[in-house]
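So you know, we letter chains A, B, ... as the sequences are listed, proteins then strands, and number each from 1. Keep in mind it's a predicted model, so treat the numbers as computed, not measured.
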Protein chains: 2
Amino acid sequence: MLSVLADDQQRESGLGRPGGARRRATIHDVAKLAGVSRQTVSRAVNDKCEIDPGTKERVLEAARLLDYRPSRFARGLVRKGTVTAGLVIPDLMNPFFPEVAAGVLEAAELRGWQVVVWDSRTDEAREREALDVLSHQADAVVGYFRSPDDELARHLGGVPLVLLERGPQHTRFAAVGIDAAAGVEQGMAHLVRAGHRRIGMLDGVHGPAPRRQAFLAEARRHGLSVDDGWIAMCPEHSVAGGEEGMARLLDARPELTAVFGFNDLIAVGAMRAARRRGRRVPEELAVLGFDGLSLGELVDPGLTTLHIDKRRLGRLAVEQVARLRAGEEPMNGTDAWVIPELVVRASA
Amino acid sequence: MLSVLADDQQRESGLGRPGGARRRATIHDVAKLAGVSRQTVSRAVNDKCEIDPGTKERVLEAARLLDYRPSRFARGLVRKGTVTAGLVIPDLMNPFFPEVAAGVLEAAELRGWQVVVWDSRTDEAREREALDVLSHQADAVVGYFRSPDDELARHLGGVPLVLLERGPQHTRFAAVGIDAAAGVEQGMAHLVRAGHRRIGMLDGVHGPAPRRQAFLAEARRHGLSVDDGWIAMCPEHSVAGGEEGMARLLDARPELTAVFGFNDLIAVGAMRAARRRGRRVPEELAVLGFDGLSLGELVDPGLTTLHIDKRRLGRLAVEQVARLRAGEEPMNGTDAWVIPELVVRASA
DNA sequence: TTGTACGCGTTATCAA
DNA sequence: TTGATAACGCGTACAA
């Protein structure tokens with residue numbers, strides 16, 4: 001008891017020190033000021049009923065005076081149940097990802113979870129930093145990662161991870177993804193149906209390989225004489241990246257009549273680059289996107305694209321996390337896959 | 001490799017236990033299993049040097065077996081310094097806000113802070129819920145709020161708050177904002193310079209009033225015979241909302257030759273609605289936006305707009321939080337204001 | 001190199 | 001209605 005008092009007096013003197021940021025008040029400080037026990041303070045602050053209205057008011061007044069706020073750590077220690085998920089997003093400027101994030105936030109809120117967000121900017125080093133932090137501060141992580149499984153595991157320290165847009169064959173972690181093959185199939189069928197035979201693709205660097213592979217497979221299936229030479233890499237998944245890739249593709253394959261974009265931003269860039277070179281869209285060059293951003297309705301001509309339910313993707317990811325946490329088997333196959341849906345507008 | 005297998009098997013067997021979810025392993029459990037003291041476990045897990053490599057390996061193996069992860073609460077309790085900020089965003093589908101969020105995330109990361117994000121969907125009830133949670137789980141909150149100061153304070157419980165886009169005259173909290181008047185002044189000058197006299201405005205519901213007020217003030221200053229009747233409300237801050245508002249405005253004021261949008265999304269909606277009514281943009285109707293979304297470069301004609309440095313807005317907000325936390329006076333006036341900059345494209 | 005003992009801030013249990 | 005005491009899980013002097 002005495003030692004506690006001495007301790008407090010020491011604190012007090014530290015408090016008065018001018019210029020230094022002073023220590024945050026604890027429940028103990030409030031108790032002392034109000035002349036009650038810590039327990040009573042706890043009751044007052046947490047709105048318990050077993051407390052005299054008068055003392056409660058006195059305690060709250062003291063708390064206000066000291067700017068007291070309960071420590072979330074001490075509270076979390078004793079009250080189980082606060083769940084925090086980490087969300088790692090590669091590019092907040094691409095409207096695709098905020099929409100996925102919205103799905104994650106929505107599902108997390110429904111479960112009473114919190115979400116701390118990191119922007120990795122498609123940088124592997126930043127991915128690792130994010131994991132280093134989140135593995136300590138979050139109960140689970142979901143996000144987009146380029147790093148291989150082993151690298152992820154190394155920075156994960158056993159925290160459950162749900163990968164976005166990685167097929168189960170490409171990772172040993174739980175994942176939710178997009179059925180790229182189904183999407184590309186619809187898209188290619190649409191182009192071929194319209195009479196196109198000389199179809200190129202604008203691939204994204206560090207993008208999931210399935211889209212490229214599906215493109216080549218579909219081209220073969222339709223008997224097109226299309227190979228790697230018909231695929232141009234875009235340096236980034238943006239409109240500018242699409243413009244750059246398209247310029248290169250048009251140089252390499254001027255006979256091109258249609259182009260399949262890795263995503264909508266790239267496709268929009270392709271439209272712009274094509275037009276800058278004097279090619280009319282869609283009359284002289286058809287452009288097909290992938291994502292279904294609302295941006296696609298706004299450009300002229302409207303972008304034909306494979307629409308993805310991005311919010312659902314986010315919600316599914318949260319559901320996977322929940323399964324992992326419950327010790328259940330994560331969803332697999334089509335349950336964890338979102339199927340793209342062709343939306344035909346004017347561009348193709 | 002072997003250890004991973006063992007780990008999985010352990011999970012499997014734990015799964016079979018009919019009792020349900022078992023308690024998470026603590027440092028104590030690991031110590032017991034490894035036959036050492038908790039202290040040694042701590043050293044092994046935290047990579048301290050004063051430990052024998054052999055015992056360290058044994059401890060880590062035990063930790064892996066039990067799927068042990070240190071409690072972030074217990075850790076936070078003893079190791080001070082983890083700062084968590086709450087970020088409340090009204091609409092993740094509007095590209096404006098992800099960009100602000102990117103600025104917040106960027107600045108927060110630089111300081112080693114984490115950010116937990118909430119999507120309030122411009123709903124006051126959801127704002128309050130967000131505050132109720134964040135006031136317990138975050139060390140400070142920044143965000144967009146429609147609720148009045150008193151309401152915010154009630155749900156804040158003393159947590160520092162930084163308001164986004166509220167002038168200091170409209171709140172007693174710290175804030176960072178946009179100099180709407182300066183923006184509107186540039187925009188109106190541009191339109192008047194181009195010969196427009198019959199200028200309307202598409203205002204957003206629950207949007208900051210300054211834009212509307214500045215619009216009316218500038219109209220007066222330029223001697224335009226423009227009043228409230230020239231302002232149409234958009235039911236939401238989206239393209240669709242802009243279309244709806246524009247339709248109403250054209251009904252009310254068919255003689256309109258230019259329109260000022262509350263934001264870029266609304267302006268784009270206005271362009272679409274105008275064209276649907278057979279008005280060519282910009283020849284028969286000039287359209288001016290506010291925000292400077294990259295979307296504006298993509299539409300046709302390109303959107304003339306008042307560009308805002310959204311990332312900077314986010315960074316400033318974090319800086320305000322830092323000042324609040326340090327007990328300093330928050331920035332005030334122009335230091336905490338972002339000034340819009342006119343970007344002329346084809347639409348006006 | 002390893003272990004003991006204590007403190008971190010809060011809530012829960014039980015006794016007064 | 002109130003208060004003493006014991007967890008909660010972890011880090012860290014300090015002692016062994």
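- A close approach under 4.0 Å does not occur between any side-chain nitrogen or oxygen of B/Ser42 and OP1 or OP2 of D/dC10.
- With respect to the salt-bridge test (charged N to carboxylate O, under 4.0 angstrom), the residues B/Glu129 and B/Arg126 do not qualify.
- Taking the nucleotide of DNA chain D with the nearest heavy atom to each of A/Gln39 and A/Pro53, the more 5' of the two is matched to A/Pro53.
- Rounded to 10°, the helix from C/dT1-D/dA16 to C/dA16-D/dT1 has 40° between the axis fitted to its first five pairs and the one fitted to its last five.
- In this structure, CD of A/Glu50 is placed 11 Å from P of C/dT13, rounded to the nearest angstrom.
- Classification of B/Asp132 and B/Arg154 as a salt-bridged pair fails, no side-chain N sitting under 4.0 Å from a carboxylate O.
- Using a 4.0 Å cut-off between charged side-chain N and carboxylate O, B/Asp47 and B/Lys56 make a salt bridge.
- Counting only heavy atoms from C-beta on, B/Arg43 has its side chain closest to C/dT2 among C/dT2, D/dT1, D/dC8.
- In summary, B/Arg323 and B/Glu319 engage in a salt bridge, as defined by a charged side-chain N under 4.0 Å from a carboxylate O.
- The base of D/dG9 lies outside donor-acceptor range of the side chain of B/Arg72, with no N or O pair under 3.5 Å.
- The A/Val36 side chain lies nearest to D/dG3 when the options are C/dG9, D/dG3, D/dG9.
- In the interface, the side chain of B/Arg69 is not paired with the base of D/dG9 through any donor and acceptor atom under 3.5 Å apart.
- Of the candidate nucleotides D/dG11, C/dA12, C/dT10, C/dA12 has the atom nearest to the side chain of A/Lys48.
- Contact between the side-chain N/O atoms of B/Thr55 and the OP1/OP2 oxygens of C/dT2 is found at a separation under 4.0 Å.
- Comparing atom distances between the A/Asp52 side chain and each of C/dA5, D/dT1, C/dG3 picks out D/dT1 as nearest.
- B/Asp123 contributes no side-chain N or O that, together with a main-chain N or O of B/Ser120, makes up a donor-acceptor pair within less than 3.5 Å.
- Taking 4.0 angstrom as the limit, A/Ser37 places none of its side-chain polar atoms (N or O) nearer than this to OP1 or OP2 of D/dT2.
- The environment of B/Glu329 atom CD is sparse: at most 12 non-hydrogen atoms of other residues, nucleotides or ligands sit within 6.0 angstrom.
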